[in-house]
Chemist: 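Just dropping this structure here.
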Amino acid sequence: MPTTTQLAPQFDPSAIESAVYGRWLDAGVFTADRDSGREPYVIVIPPPNVTAVLHMGHGLNNTIQDVLIRFERMRGREALWLPGTDHAGIATQNVVERIFAKDGRSRHDVGREAFVERVWHHVHQTEGTIIAQLKAMGFSCDWTRTRFTLDDGYSAAVRHVFVTLHQDGLIYRGHRVIHWCPRCHTSLSDEEAAFEDTSGHLYHIRYQVVDPGETDPAFVTVATTRPETMFGDIALVYHPEDDRFTGRSGLTVEIPLTGVRIPIGTHTAVEREFGTGMLKITPAHDANDFDIANTILPNAPHPVILTEDARMADDERVPASLRGLDRFDARKRIVSMLEASGQLGRVDPHAHAVRYCYRCHTAVEPRLSDQWFVKMQPLAAPALVAHHRGDVRFVPDRWGKVYEQWLTEIRDWNISRQLWWGHRIPAWYCEAAGCDHITVSERDVDACDACGGPVRQDEDVLDTWFSSWLWPFATLGWPERTADLARFYPGHTLVTAPDIIFFWVARMVMAGYYFLDERPFDTVYMNGIVRDPQHRAFSKSLGNGIDPLEVVDAYGADALRYTVVAGAAAGTDVIMDRGDMDATFAAGRHFANKVWNLGRFILGNLDGAPAPVGALDTAQFELADRWILARCQRIAAETTAAMERFRLNDAVRTVYHFLWDDFADWYVEQVKPRLYGEASGGDVARAILCHVFRTALTLLHPFMPFVTEELWAHIPGGDEPMLAGAAWPTDNPALADEEAETRFARVRELISAVRTMRAEYGVPPAATVPIVTHPATLDTTEAFNAEQRTIERLAKASGLDLLGPMTGVGAHAVLGDGTAVFVPLGGAIDVTQECARLAGERTRLEHQIERVAAKLANLQFTERAPADVVERERAKEHTWREQCATLGDKLRALGC
RNA sequence: GGGCGAAUAGCUCAGCCGGUUCAGAGCGCCUGCCUUACACGCAGGAUGUCGGGGGUUCGAAUCCCUCUUCGCCCACCA
């Protein structure tokens with residue numbers, strides 16, 4: 001039988017964590033069984049990017065998933081938590097490009113094949129670290145099913161999707177203005193080019209009118225934030241009802257600095273209030289201009305005057321002196337050139353939103369090009385219906401609005417990226433003369449579908465989210481109709497952060513309905529974002545991040561998990577202070593230690609395995625026994641209810657306070673005399689200690705799996721060898737006992753009242769003090785006879801005795817039910833000395849009050865006495881008077 | 001321009017489908033205790049006009065309006 005000597009007095013997480021995790025793996029408790037017949041419960045992990053190792057945000061997100069998975073597994077469901085990682089196309093490519101950049105090499109110097117090979121190397125490295133991190137935090141993923149969004153099977157799924165959507169007419173090749181990142185050299189989706197408020201200038205530029213008539217002006221002025229794009233202008237337009245420009249339509253103007261001639265036209269999309277009301281149309285470098293150009297000049301060319309890295313193009317439309325200049329340098333040069341030629345008007349400061357690349361934060365360049373797009377509207381419709389019907393819901397539900405808004409205003413999705421790292425687009429262009437057929441195929445082809453001519457595969461890869469959106473089913477073997485897919489799709493809960501609702505959540509719902517005709521999950525639980533004390537999100541550049549492994553090493557995985565769960569209601573951000581890690585993780589660490597020591601205490605006081613509670617003679621139960629069993633039963637029900645409502649923070653706090661405040665502070669203390677043989681009933685106490693502690697360990701296990709699992713191995717009486725596989729406590733109405741709860745609450749109140757009096761009157765801890773309760777309320781009732789014993793026991797544990805008449809020198813208190821408690825103090829303290837001390841204290845206070853009263857009287861006559869000063873002095877006076885009154889009561893009690 | 005969220009004890013936050021956990025928790029702070037499970041502990045204690053103002057109600061931290069201050073998301077005024 002284990003004894004306390006086997007457990008260290010302080011919980012040392014590092015001493016047990018890896019061994020405990022090893023036992024879980026050996027027992028296979030994390031592996032979902034296809035054939036169990038149990039109702040499945042499935043969570044797919046939001047696959048972390050292989051770009052970098054995990055941070056605290058992942059710690060939070062995955063802890064919540066693990067809590068849910070362990071909870072459902074213990075409740076008897078076939079729980080599958082499917083792990084994996086995301087190849088994170090553009091992000092990962094950037095990381096590796098930076099590695100090469102250190103040697104001054106670009107990816108083009110290295111070549112596609114060698115570059116991709118180097119990326120794989122990086123991926124294997126970080127993937128290993130990520131999985132080690134997940135294990136260190138105790139996550140119960142089914143590692144036998146680990147996937148990667150770029151593994152072979154997954155690629156097959158991606159190709160199948162591309163081909164299917166293409167056949168269904170939902171994927172098409174489009175020629176339009178897209179967001180282009182000049183640094184990453186790729187196009188981006190709308191979501192990847194995020195708006196950011198930027199302060200710039202609004203430049204007023206004069207376009208010379210060619211051969212003006214008598215009533216025509218010599219020039220028209222256009223306001224633009226981007227003068228450098230004017231060489232790509234093909235027209236100027238104004239609103240057809242704008243009186244200021246009546247009759248100008250049809251005139252010709254010259255683009256400044258080049259003299260290229262363009263017409264003036266009208267279009268209703270022009271905002272009359274903005275700028276001069278005259279808009280320049282640059283179809284190749286502005287999406288709106290592109291649309292306008294197509295309506296007013298459908299056959300006009302769309303000159304591209306910026307290169308892929310956003311320099312002025314080597315083009316005849318661009319003045320020779322500007323060619324090759326960076327767009328922002330060119331802007332400055334152009335402005336001074338315009339100034340010199342007298343064609344620059346006002347320059348106003350102008351705040352506007354500019355899109356930036358979400359991966360490298362370069363200002364995105366709108367650029368005309370050919371890309372692959374997904375037609376989204378048909379996919380979005382079922383996803384909207386699903387939310388309306390409640391088939392997919394959000395926790396907290398306000399995020400549903402965000403989801404709906406995006407789906408309602410959805411636009412086509414640009415899915416092609418000019419990158420090397422990712423799923424290569426399965427499209428082949430025919431190179432035969434006169435054939436422009438594109439072959440789209442799941443398998444590699446070497447001949448054109450249409451003419452049999454030679455083909456060349458599209459160089460581009462797919463948006464990384466084009467693979468992520470298949471995660472809930474591609475990970476289960478789809479498009480094969482695997483047994484896993486049949487059993488574990490659809491899933492249940494998705495746990496993620498709100499910032500990827502568009503990127504990922506909504507798209508998964510769309511893909512789920514389109515390809516499997518079923519939702520991928522029923523609930524989307526939104527966790528908050530982990531921030532620093534200045535409420536900034538963690539980021540590498542700020543250096544404010546916290547490495548979960550660091551935390552696990554210093555405080556233990558259980559402390560980390562407790563901290564993030566207790567600190568985060570659904571959807572609220574979690575603040576963590578890197579500068580004060582001790583304070584941040586104190587509560588969790590202290591609690592783990594408390595639980596550990598409870599285990600130590602119980603083990604140290606066992607005498608063989610105790611009988612199961614069911615086998616005990618309830619007639620031998622004392623009040624405290626009945627109370628703790630009832631309380632335990634109530635807490636189990638409350639915890640379960642909180643879990644079902646996704647109130648994980650409430651659930652863990654409930655268990656925390658039960659274990660600490662009820663079980664440790666009251667039951668364990670009450671039971672000590674019995675355990676030590678000073679009172680009878682030790683065997684009953686031991687049995688109940690084990691039973692309640694085991695139940696509490698079970699309730700706590702999803703949150704703090706390591707310490708609970710380790711103790712489970714030592715505490716006798718569990719049916720299951722491993723807590724991770726044990727059953728969640730079920731309702732046991734037989735143990736409910738409201739009467740015991742009420743009566744024990746009175747006992748607690750009595751003891752607390754006595755303790756307070758002892759503390760207030762300075763009774764030395766070693767001194768024994770008799771207490772008396774008023775006979776009218778407690779003494780005469782039947783119930784009190786039973787309580788009397790408990791009170792005596794608890795009183796003894798607190799150094800109290802229940803004796804003596806309710807007269808003489810002493811303190812009293814009245815409890816909530818009207819019971820009067822009297823503590824004779826004569827024998828415990830030197831009354832004369834205490835009186836002198838209290839009287840001295842009172843005199844001091846009285847002097848202070850006199851002074852402040854005088855000050856207030858003065859202030860009354862002082863004009864413009866600061867109100868806050870008066871307020872403060874009044875408050876002081878009030879507090880002191882109250883303290884004075886209390887002292888008076890005490891002095892009277894002592895008979896002085 | 002539109003929408004959402006937040007403001008509660010020194011700090012970080014719960015509570016917020018109105019009235020018995022209603023002013024709370026953890027950390028910090030003050031007092032006394034190394035009582036043989038735990039000083040990562042035990043006992044006791046202090047601290048808040050629940051952002052300002054108005055309203056609804058018998059009653060509001062909790063509902064409505066408004067203001068202030070922060071934060072986030074969406075958006076084709078170039």
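Note that the structure is a prediction, hence the values are computed from the model and not measured. Side-chain atoms are counted along with the backbone in the values below, which use heavy atoms only and exclude waters and symmetry mates. To find a chain, count down the sequence lines: A is the first, B the second, and so on, and within it residues start at 1.
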Chemist: For the aromatic rings, using the six-membered ring if either is Trp, is the centroid distance between A/His350 and A/Tyr203 under 6.0 Å?
Modeler: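 Judged by ring-centre distance (under 6.0 Å), A/His350 and A/Tyr203 do not meet the cut-off.
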Chemist: Regarding A/Arg176 and the six-membered ring of A/Trp413, is the cationic atom NZ or CZ under 6.0 Å from the ring centre and inside 45° of its axis?
Modeler: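 Not satisfied by the 6.0 Å and 45° rule.
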Chemist: Is the phosphate of B/rC76, meaning OP1 or OP2, less than 4.0 Å from a side-chain N or O of A/Arg411?
Modeler: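 Yes, A/Arg411 has a side-chain N/O under 4.0 Å of OP1/OP2 on B/rC76.
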Chemist: When the P atoms of B/rC40 and B/rC30 are considered, how many whole Å apart are they?
Modeler: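 Nearest-Å result for B/rC40 against B/rC30 at atom P: 16 Å.
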Chemist: Contact class for A/Phe502 (heavy atom, under 4.0 Å): base, sugar-phosphate, or nothing?
Modeler: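 Result for A/Phe502 = sugar-phosphate.
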Chemist: For B/rC50 and B/rU8, measure between their C1' atoms and round to the nearest Å.
Modeler: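 One C1' to the other, the span is 4 Å.
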Chemist: Say you pick atom C1' in B/rC38 and the same atom in B/rC17; how far apart are they, in whole Å?
Modeler: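 My reading of the C1' atoms in B/rC38 and B/rC17 gives 42 Å.
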Chemist: For the residue pair A/Tyr358 / A/Glu192, report whether a side-chain donor-acceptor contact shorter than 3.5 Å exists.
Modeler: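 Result is yes, a qualifying pair exists.
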Chemist: Can you check the distance between B/rG18 and B/rA25, where both ends of the measurement are the P atom (answer in whole Å)?
Modeler: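 My reading of the P atoms in B/rG18 and B/rA25 gives 24 Å.
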Chemist: Quiz question: by atom type and distance under 3.5 Å, do the side chains of A/Glu710 and A/Trp596 form a donor-acceptor pair?
Modeler: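 A/Trp596 and A/Glu710 do not have a side-chain donor-acceptor pair below 3.5 Å.
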Chemist: Does the gap between the ring centers of A/Phe703 and A/Tyr656 come in under 6.0 Å?
Modeler: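 Not under 6.0 Å, so no.
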Chemist: Send over the distance from A/His239 NE2 to B/rA78 P, rounded to a whole Å.
Modeler: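 After rounding, the reported distance stands at 17 Å.
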Chemist: Which dot-bracket string describes RNA chain B (Watson-Crick N1-N3 plus N6-O4 or O6-N4, or G-U N1-O2 and O6-N3, all under 3.5 Å; [ ] crossing; | other strand)?
Modeler: ((((((((.[[[[.)........]]]].(((((.......))))).....(((((.......))))))))))))....
Chemist: If you check the A/Arg647 side chain, which of B/rC38, B/rC40, B/rG15 turns out closest?
Modeler: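 For the A/Arg647 side chain, the nearest candidate turns out to be B/rG15.
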Chemist: Measuring from atom NE2 of A/His302 to atom CG of A/Asp289, what distance do you get when rounded to the nearest 0.5 angstrom?
Modeler: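 One gets 10.0 Å once the value is rounded to the nearest 0.5 Å.
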Chemist: Assign A/His350 to base, sugar-phosphate, or nothing according to its heavy-atom contacts below 4.0 angstrom with the strands shown.
Modeler: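 Sugar-phosphate, backbone atoms only, no base.
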Chemist: Taking atom types as modelled and ignoring hydrogens, do the side chains of A/Asp348 and A/His201 form a donor-acceptor contact shorter than 3.5 angstrom?
Modeler: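 There is no such pair between these side chains.
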Chemist: Remember a base hit wins even if backbone is also touched, and classify A/Ala664 as base, sugar-phosphate or nothing at under 4.0 Å, heavy atoms.
Modeler: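 Here A/Ala664 touches the bases of the nucleic acid.
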Chemist: I need a per-nucleotide contact map over nucleotides 1-8 of chain B, read 5' to 3'. Cutoff is protein heavy atoms under 4.0 Å; write B for the base, S for backbone only, - otherwise.
Modeler: ----S---
Chemist: If you look at every strand shown and take non-hydrogen atoms under 4.0 Å, does A/Phe585 touch a base, only sugar-phosphate, or nothing?
Modeler: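 The answer is nothing, as A/Phe585 stays clear of every strand by at least 4.0 Å.
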Chemist: On RNA chain B, does the nearest nucleotide to A/Asp650 precede the nearest nucleotide to A/Ile602 from the 5' side, or the other way round? Give the residue.
Modeler: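 In this pair, the answer is A/Asp650.
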Chemist: May I ask you to verify if any side-chain N or O of A/Arg355 is less than 4.0 angstrom from the OP1 or OP2 atom of B/rC76?
Modeler: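 A/Arg355 to B/rC76 OP1/OP2: side-chain N or O found under 4.0 Å.
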Chemist: I'd like to know if A/Glu365 pairs up with A/Arg367 as an ion pair, taking the criterion as any Lys NZ or Arg NE/NH1/NH2 lying under 4.0 Å from an Asp or Glu carboxylate oxygen.
Modeler: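 No salt bridge links A/Glu365 with A/Arg367.
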Chemist: Would you tabulate the side-chain donor-acceptor contacts of residues 233-240 of chain A under 3.5 Å, counting partners in other chains and residues two or more places apart, or write 'none'?
Modeler:
residue  : atom : partner  : partner atom : Å
A/Asp233 : OD1  : A/Lys280 : NZ           : 3.0
A/Asp233 : OD1  : A/Thr282 : OG1          : 2.7
A/Asp233 : OD2  : A/Tyr207 : OH           : 2.5
A/Tyr238 : OH   : A/Phe245 : O            : 3.2
A/Tyr238 : OH   : A/Ser249 : N            : 3.0
A/His239 : ND1  : A/Glu241 : N            : 3.1

Chemist: Rounded off to whole Å, could you give me the NZ-to-C1' distance for the A/Lys672 and B/rU36 pair?
Modeler: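 Rounded to whole Å, this separation is 9 Å.
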Chemist: Using a cut-off of 4.0 Å on non-hydrogen atoms, how would the nucleic acid contact of A/Asp286 be classed: base, sugar-phosphate, or nothing?
Modeler: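 It contacts nothing in the nucleic acid.
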Chemist: Using the P atom on both, measure B/rA61 against B/rA7 and round to a whole Å.
Modeler: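 Roughly 15 Å separates the two P atoms.
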Chemist: Check the angle between the aromatic planes of A/Phe585 and A/Tyr555 and answer parallel, tilted or perpendicular using the 30° and 60° thresholds.
Modeler: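 Taking A/Tyr555 first and then A/Phe585, their aromatic rings lie parallel (interplane angle under 30°).
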Chemist: Which part of the nucleic acid, if any, lies within reach of A/Val668 when heavy atoms closer than 4.0 Å are counted: base, sugar-phosphate only, or nothing?
Modeler: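 Base contact.
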Chemist: Kindly check if the number of other-residue, nucleotide or ligand heavy atoms within 6.0 Å of CD (A/Glu273) is above 12?
Modeler: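 Counting other residues, nucleotides and ligands, CD of A/Glu273 stays at 12 neighbours or fewer.
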Chemist: Let me know the distance between CE of A/Met581 and P of B/rU12, rounded to the nearest Å.
Modeler: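 It works out to 18 Å between those atoms.
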Chemist: For the residue pair A/Tyr667 and A/Phe658, is the inter-centroid distance of their aromatic rings smaller than 6.0 Å?
Modeler: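 Not under 6.0 Å, so no.
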Chemist: Rounded to the Å, how far apart are A/His714 NE2 and B/rA37 C1'?
Modeler: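 After rounding, the reported distance stands at 15 Å.
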Chemist: For A/Ala223, report the nucleic acid contact type (base, sugar-phosphate, nothing); a contact means any heavy atom under 4.0 Å.
Modeler: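 The residue A/Ala223 makes base contact.
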Chemist: For nucleotides B/rU21 and B/rC16, find the distance between their C1' atoms and express it as a whole number of Å.
Modeler: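 Here B/rU21 and B/rC16 have their C1' atoms 16 Å from each other.
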Chemist: Please report the distance, rounded to the nearest Å, between CG in A/Asp197 and C1' in B/rC72.
Modeler: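 Rounded to whole Å, this separation is 12 Å.
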Chemist: Could you list all N or O pairs between the protein and nucleotides 23-30 of chain B that sit under 3.5 Å apart?
Modeler:
residue : atom : partner  : partner atom : Å
B/rC27  : OP1  : A/His590 : ND1          : 3.4

Chemist: If you measure from the P atom in B/rA43 to the same atom in B/rC22, how many Å do you get, rounded?
Modeler: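 That atom pair is separated by 22 Å.
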Chemist: Only one of A/Val222, A/Ile262, A/Ile334, A/Thr224 clears side chain to side chain contact (heavy atoms under 4.5 Å, CB included) with A/Met230; which?
Modeler: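 Only match with A/Met230 under side chain to side chain contact (heavy atoms under 4.5 Å, CB included): A/Ile334.
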Chemist: May I have the list of side-chain donor-acceptor pairs in residues 7-14 of chain A shorter than 3.5 Å, sequence neighbours left out?
Modeler:
residue : atom : partner : partner atom : Å
A/Asp12 : OD1  : A/Ser14 : N            : 3.3
A/Asp12 : OD1  : A/Ser14 : OG           : 2.8

Chemist: Just by distance, with hydrogens left out, do A/His352 and A/Thr198 show a side-chain donor and acceptor under 3.5 Å apart?
Modeler: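 There is no such pair between these side chains.
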Chemist: Taking B/rG15 as the reference, what is the distance to B/rA6 when you measure between their C1' atoms (whole Å, please)?
Modeler: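 One C1' to the other, the span is 15 Å.
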Chemist: Could you state the atom-to-atom distance from CZ of A/Arg634 to P of B/rU21 in whole Å?
Modeler: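 Rounded to the whole Å, the gap is 12 Å.
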Chemist: Using a cut-off of strictly less than 4.0 Å between a heavy atom of the residue and any atom of RNA chain B, enumerate the qualifying residues of residues 271-283 of chain A by number.
Modeler: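 Only A/Glu271, A/Phe274, A/Leu279 qualify.
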Chemist: If you check the A/Pro9 side chain, which of B/rC38, B/rA14, B/rC76 turns out closest?
Modeler: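 Out of B/rC38, B/rA14, B/rC76, the nucleotide with an atom closest to A/Pro9's side chain is B/rC38.
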Chemist: Verify the ring-centre separation between A/His590 and A/Tyr562: is it less than 6.0 angstrom?
Modeler: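 No; A/His590 has its ring centre 6.0 Å or more from that of A/Tyr562.
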Chemist: CD of A/Glu749 versus C1' of B/rU20: gap in Å, rounded?
Modeler: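 The distance from CD of A/Glu749 to C1' of B/rU20 comes to 14 Å, rounded to the nearest Å.
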Chemist: Rounded to the nearest angstrom, tell me the gap between atom OH in A/Tyr358 and atom P in B/rC74.
Modeler: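 Whole-Å distance recorded here is 13 Å.
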